[in-house]
Protein chains: 2
Amino acid sequence: MAFSDLSSADATAVLEPVPRNTLRAQVADRLRAAILRGDIAPGAPLVETALSERFDVSRGPLREALRQLIEEGLVVTVPYTGTHVAPLSVEDVHEIYSLRTALESFAFEQVWPYRDDRFRTELNRRNAALIAAVDAGDDHASIQTELEVHGLVYEASGHRLLRRAWYGLRGRLQLYWAAHHLAHGRHGPRRDSHDSYIAAALGDDLAAMRLEIANHMRRGAETTERFLRKPNPSEKSKRGDKT
Amino acid sequence: MAFSDLSSADATAVLEPVPRNTLRAQVADRLRAAILRGDIAPGAPLVETALSERFDVSRGPLREALRQLIEEGLVVTVPYTGTHVAPLSVEDVHEIYSLRTALESFAFEQVWPYRDDRFRTELNRRNAALIAAVDAGDDHASIQTELEVHGLVYEASGHRLLRRAWYGLRGRLQLYWAAHHLAHGRHGPRRDSHDSYIAAALGDDLAAMRLEIANHMRRGAETTERFLRKPNPSEKSKRGDKT
DNA sequence: CCATGTCAGATTGTCAACAATCGACGATCG
DNA sequence: CGATCGTCGATTGTTGACAATCTGACATGG
């Protein structure tokens, strides 16, 4: 319930414990970035030997990095057979957004009485960054900033398990948004959609916020599902290579 | 939303695809069982070399098994320093039960219109098993059956991500219940508490079910928190050995 | 007596070779 | 010609040895 750290892009994040750098973490970061950037398409095979040689690491750390991405829902594997980037499916979209509705409502319930000036300022700051990115037509930045806007309530909740659950959803969400971006050059959110979301988040009516979340998610799910059913207008698919 | 498989302890589960047996899965199972049985106490160190030699496996599969248990919240590790069974904390208890309240409410929302005879029969069956275990004074069985009672709604939801979130909570819950059982010889739930839960789950009023879940979780959290503040009456702590 | 620097032991991180398993292709037989 | 079985290449699973890092204790100097 208490605040933990609202600062992320702020310069306030010093004095935190130094992150231990292991190879598996670096490999996971790089591989995650490659997948979310669309360099490796959903469904494409991920061969351990090829990847380990490409990253110039042995298969040990690489395997552990893969396990991490499996947890995040970006990768799927079947023993002795093969590993692939997670394929996209409409069922997943539905599950992601419906569960996200429940989690985000719960998160706001937790935070509701504790939305101090710091919270409001930070929310406005992140929203401004989102608007700027959208107006600038920077799709990558708009995806990132939208995740940061929605991520704030999870961070502010100080609820570690909730935050963890959010991370489990965030990667999957990114995967779909990235695919959408690659196909259409623009991902879902409209400015006014977020304006009402922010207004409700700063307002006094928790029930209204719940409703706003439900609507926001319904719109998001619809947009993403529609995209999935007719993936791209120009058929410019990415290849899932490895060397 | 559709049902997936309600049968678990039923004899109906034959003819299913053969589970791939990898060493890491077997090691994870064994180690998880050892932790939940209390053979290794919360906070006790888990040394990879010692464990690998004890299980007669190399450190590779053992490490991957540890990563899995880390995901489940049973184990914590800090790079280059050490790995331990997750320590108990009152904050965790609060987080587990509060998040569980949100998830289980959501699960019932998903299932509510689809509670057919199969669902009701299975719920009654599992509840009967729980009652039998409690009456027989079999603590281990009563923990398992209680998890199965509450697990039904997640399974019936057919919501893979929700089920996954439940698994992320279940292990942690088991850890606390097991610790409680070891200290007091009996874990929380009273018969009447579950009777009202089951009644509401089979009833017509979803709002009443939400309330019942909230109450059920509040009672559970209180019991577990109380135990954590004064762990045991007879000070019979388990040792966390490795050889 | 306290602060600082150094060292040794322990523990995890990483590597490269070897084994088990799988899916697909092609030979063989009816 | 079709179905079945065996074989092969590819991929992941597993292993044991070696390297990097951390923690705590001890010595040293102020």
Side-chain angles (χ1 to χ4, degrees), chain A residues 16-32 34-35 40-71 74-87 239-243, chain B residues 16-32 34-35 40-71 74-87 239-243:
Chain A
E16 290 287 303
V18 173
R20 300 292 192 270
N21 245 6
T22 59
L23 260 192
R24 67 165 171 278
Q26 299 179 43
V27 170
D29 288 345
R30 297 270 289 269
L31 194 51
R32 185 189 303 111
I35 292 174
I40 317 177
L46 295 170
V47 182
E48 293 180 0
T49 53
L51 287 175
S52 74
E53 147 172 343
R54 191 155 130 72
F55 285 130
D56 197 34
V57 248
S58 87
R59 281 179 55 216
L62 182 94
R63 282 169 60 87
E64 298 188 357
L66 282 178
R67 295 301 141 97
Q68 162 120 16
L69 297 185
I70 289 172
E71 278 304 315
L74 297 178
V75 166
V76 295
T77 186
V78 38
Y80 289 110
T81 302
T83 309
H84 299 79
V85 178
R239 77 257 178 259
D241 63 341
K242 64 259 173 94
T243 309
Chain B
E16 290 287 304
V18 173
R20 299 292 189 273
N21 248 3
T22 57
L23 262 192
R24 67 165 171 276
Q26 299 179 43
V27 169
D29 288 345
R30 298 269 288 268
L31 194 52
R32 185 190 304 112
I35 292 174
I40 317 177
L46 294 170
V47 182
E48 292 180 0
T49 54
L51 286 175
S52 75
E53 145 173 344
R54 191 158 132 72
F55 285 130
D56 196 34
V57 246
S58 85
R59 279 180 54 214
L62 183 94
R63 282 169 61 88
E64 298 188 357
L66 282 178
R67 294 300 141 93
Q68 163 121 16
L69 297 185
I70 289 172
E71 277 305 314
L74 298 178
V75 167
V76 295
T77 187
V78 37
Y80 290 110
T81 301
T83 309
H84 299 79
V85 178
R239 77 257 180 260
D241 63 341
K242 64 270 176 81
T243 316

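Naming convention: chains lettered A, B, ... in sequence-line order (proteins, then strands); numbering from 1 in each chain.
- At the heavy-atom level, A/Gly60 lies nowhere under 4.0 Å from the strands shown.
- A side chain to side chain contact (heavy atoms under 4.5 Å, CB included) with A/Leu62 is found for exactly one of A/Leu46, A/Thr49, A/Leu51, namely A/Leu51.
- When rounded to the nearest whole Å, the span between CG of B/Leu62 and C1' of D/dG13 equals 15 Å.
- The A/Arg24 side chain lies nearest to C/dG13 when the options are D/dT12, D/dT14, C/dG13.
- Here D/dA17 presents its C1' atom at 16 Å from CD of B/Glu53, a figure rounded to the nearest Å.
- As rounded to whole Å, 18 Å separates atom P of C/dC18 from atom OH of A/Tyr80.
- The CZ atom of A/Arg67 sits 11.0 Å away from atom CZ of B/Arg67, with the distance rounded to the nearest 0.5 Å.
- Following rounding to the nearest Å, A/Leu66 (CG) and D/dT11 (P) show an atom-to-atom distance of 14 Å.
- Contact annotation: A/Thr81 reaches the phosphate of C/dG23 (side-chain N/O to OP1 or OP2, under 4.0 Å).
- The CZ atom of B/Arg59 lies 12.0 Å from the CD atom of B/Glu53; values are rounded to the nearest 0.5 Å.
- Atom P of nucleotide C/dA10 and atom NE2 of B/His84 are separated by 15 Å, given to the nearest angstrom.
- Counting only heavy atoms from C-beta on, B/Arg63 has its side chain closest to C/dT12 among C/dT12, D/dT14, D/dT12.
- For the OP1/OP2 pair of C/dT11 and a distance below 4.0 Å, the side-chain nitrogens and oxygens of B/Thr83 include no atom meeting the criterion.
- The CZ atom of A/Arg67 sits 16 Å away from the P atom of C/dG13 (whole-angstrom rounding).
- Contacts of A/Leu46 with the nucleic acid, taken as non-hydrogen atoms under 4.0 Å apart, involve only primed sugar atoms and P, OP1 or OP2.
- Distances were taken from every side-chain heavy atom of A/Arg59 (C-beta onward) to each of C/dA20, C/dC18, C/dG13; the shortest belongs to C/dC18.
- As a whole-Å value, the separation of B/Phe55 CZ from D/dG13 P is 20 Å.
- Proximity note for B/Leu23 (side chain, C-beta onward) versus D/dT12, D/dT14, C/dG13: the nearest is D/dT14.
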Evaluate the criterion side chain to side chain contact (heavy atoms under 4.5 Å, CB included) for residue pair A/Leu31 and A/Leu66; output intermediate values, then yes/no.
CA-CA 9 Å; A/Leu31 194 51; A/Leu66 282 178; 3.7 Å; yes
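- Straight-line distance from the CG atom of B/Asn21 to the P atom of C/dT21: 10 Å, rounded to whole Å.
- Of all nucleotides listed (D/dG13, C/dC15, D/dT21), D/dG13 comes nearest to the side chain of A/Glu48.
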Dump the intermediate steps for side chain to side chain contact (heavy atoms under 4.5 Å, CB included) on A/Glu64 and B/Arg63, then the final yes or no.
CA-CA 9 Å; A/Glu64 298 188 357; B/Arg63 282 169 61 88; 3.0 Å; yes
